[in-house]
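For ligands, and for the atoms within them, numbers begin at 1 and follow the listed sequence.
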Amino acid sequence: MKGIGVSSGIGIGKALLVEDHSIEYTPKQITDTAAEKSRFREAVEKFCCDTQKQADALRKTAGDKEAEILSGHISIIKDPFLQGEIEKLIDGGQCAEAALDSICDMFIQLFSATDDDMTIQRAADVRDVRTGVLEILLGISEVRLPDAPAGTVICVKELTPSMIAGINKDNIVGILTETGSTTSHSAILARVLEIPAVMSVPDMMATVRSGERVIIDGSSGDVILSPAPAQLKDYSEKRERLDHERRELEGFRGKATVSADGTKYELVCNIGKPEDAVKALEFDGEGVGLFRTEFLFMDKTSVPTEDEQFNEYKRAAMILKNKPLIIRTLDIGGDKELSYLGLEKEDNSFMGLRAIRYCLKNPDLFRTQLRAILRASAFGNISIMFPLITCVEEIREGKALVEELKSELSAEGIEYDKNIKIGIMAETAAAGITADLLAKESDFFSIGTNDLTGYTMAADRGNSNVSYLYSALQPGVLRMIRSIITAAREKNIPVGMCGEAAADPMMIPLLISFGLTEFSVSAPSVLKVRKCISEWTKEKADEIAENVMSLSTEKEIRDYLSSVIKTI
Ligand code: PEP
Ligand code: MG
């Protein structure tokens, strides 16, 4: 079976199916409405008291932020408008159960009708609150995860935060559900409690048998029922490796990113959706170095409006508070298609009308995005980044558009960050060779090695026939990287890397030696990269880099680096 891996790690254990009871009641007509209202208020009080206890317990096992998920449930039921509406229905003769049900339903439908994940999550919270209060009114005990024996994989249709708050973390090795996703509160809690979890597994409750042995992979979302001995052995070994690595890396959580001789680096994350910013922070990223905005466009059937985009950018900024957020403008074309744009088929699409080229050719679409980013910049520490820059004109044109939009917003009295920084992706051969010229026009560089490797080696990043050439450790690519970093340092602008190579332990000493200032990596790589950086002094990194730059082939470089670097 397969679902969404929401909390990484391997869980191997025995399935325990937790069936939820149905909450049924027959609505009654009430005459003594005052007594019914006090029955409702008592139930609310008991709910708040029980929830507060659960929140306190969760504060100890998970932390303050997580406990707030449950305290949030108290705020929902204590909301004067919601309570007032329920009591109005009771005044009209409805019983407390029916009144609660119908008002909660109204909110659930309202919240579910948006495509905003956070608001949809509010609907799940209201559902959870309704269930809790109804159980008290009806005198049924809540669905509690039973005291499971050690080595249990909990299987439940829907997991609520209150259920997870009550579990004994030491005995639960995995969680399987039929609903939920990465941003569900219960998924966030599973991650904090470090319990591997796979959610939204179709027909899971009907397929898994209680007591059956189950393997779950919380990263890939794979679920194996009654595994064969060879699978069990493979996954047990993988679990051991991951556990060991995790323990080692946990020592780097909450620490600054510094080299062995005390130089500080920025260690940020690459994201594709605003909610990924939550993950970035959970994995201890120091902000976002690349927000690939094209994913927002891919989820739609037409170009998202300025307001839709503004809401998404603002959401990411609010999640990150004042931590840096570099928003890359639309990078479409190449291998990223958007059917509704009707992009022309090109013979060599990676060299065609892609990214900044497409945006400058379609100024209305570009203006909409830039206005949305500028408006969001009033809510956080946002920078703009242009992709696929090959020449100075592209930066100048893009910046001129930003200036025009700034004047427009000022005239409309709309807030934005007047000093917003504008940087570029250094990811083409031309950008590498003219980095000195581009640095004069940019506030920062971020090196995109995924494309830089392809364009330097003239080897398509997705073409397996030439994949033997596609390596960031090629002498040609390393020289490009070095000259981009040198040009940025000479002009005193920050220079980061957001291509996959930034997280490669073999590349890290070279980047330290060349003078990189920021590493932008996928969230799960943060602690690993922080550890790698901590192992190098500039002196040692320089020695390695000097040797590497004297070698002639990728193989020699790779062999040499493998011999001097121990990777975890
Ligand atoms: C890159 O090219 O290295 C990069 C980070 O951008 P993308 O992978 O989105 O092209
Ligand atoms: Mg790129």
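Between the side chains of Tyr560 and Glu556, no donor-acceptor pair is found at a separation under 3.5 Å. With 3.5 Å as the limit, one finds no donor-acceptor pair spanning the side chains of Gln474 and Thr453. For the 3.5 Å distance criterion, the side chains of Glu403 and Ser407 fail to qualify, holding no donor opposite an acceptor. If you check the side chains of Thr293 and Tyr313, you find no donor sitting under 3.5 Å from an acceptor.
Of the possible polar contacts, one joining the Asp217 side chain to the Ser220 backbone as a donor-acceptor pair under 3.5 Å is found. With hydrogens and angles disregarded, a donor-acceptor distance shorter than 3.5 Å links the side chain of Ser200 to the backbone of Gly180.
Side-chain contact between Lys538 and Ser259: absent, with no pair of heavy atoms (C-beta onward) separated by less than 4.5 Å.
Numbered from 1 in the order shown, with element, the atoms of ligand 1 that lie under 4.0 Å from a heavy atom of Leu290 read 5 (C). Of all atoms in ligand 1, numbered sequentially from 1 with element shown, those under 4.0 Å from a heavy atom of Gly448 are 1 (C), 2 (O), 3 (O). Listed by number with element, the atoms of ligand 1 under 4.0 angstrom from any heavy atom of Arg292 are 4 (C), 5 (C), 6 (O), 7 (P), 8 (O), 9 (O). The contact set between ligand 1 and Cys498, taken as ligand atoms under 4.0 Å from a residue heavy atom, comprises 5 (C).
Our summary of the site lists the angle at the Mg ion (ligand 2) between OD2 of Asp451 and OE1 of Glu427 as 90°, to the nearest 10 degrees.
Taking distance alone, with nitrogen or oxygen atoms compared against 3.5 Å, Glu294 stays at or beyond that limit from ligand 1.
With 2.8 Å as the limit, Asp331 does not count as an N, O or S neighbour of the Mg ion (ligand 2).
For Met425, the closest heavy-atom approach to ligand 1 falls below 4.0 Å.
Closest to atom 6 (O) of ligand 1, if we only count protein heavy atoms, is Arg328 NH1, 3.0 Å.
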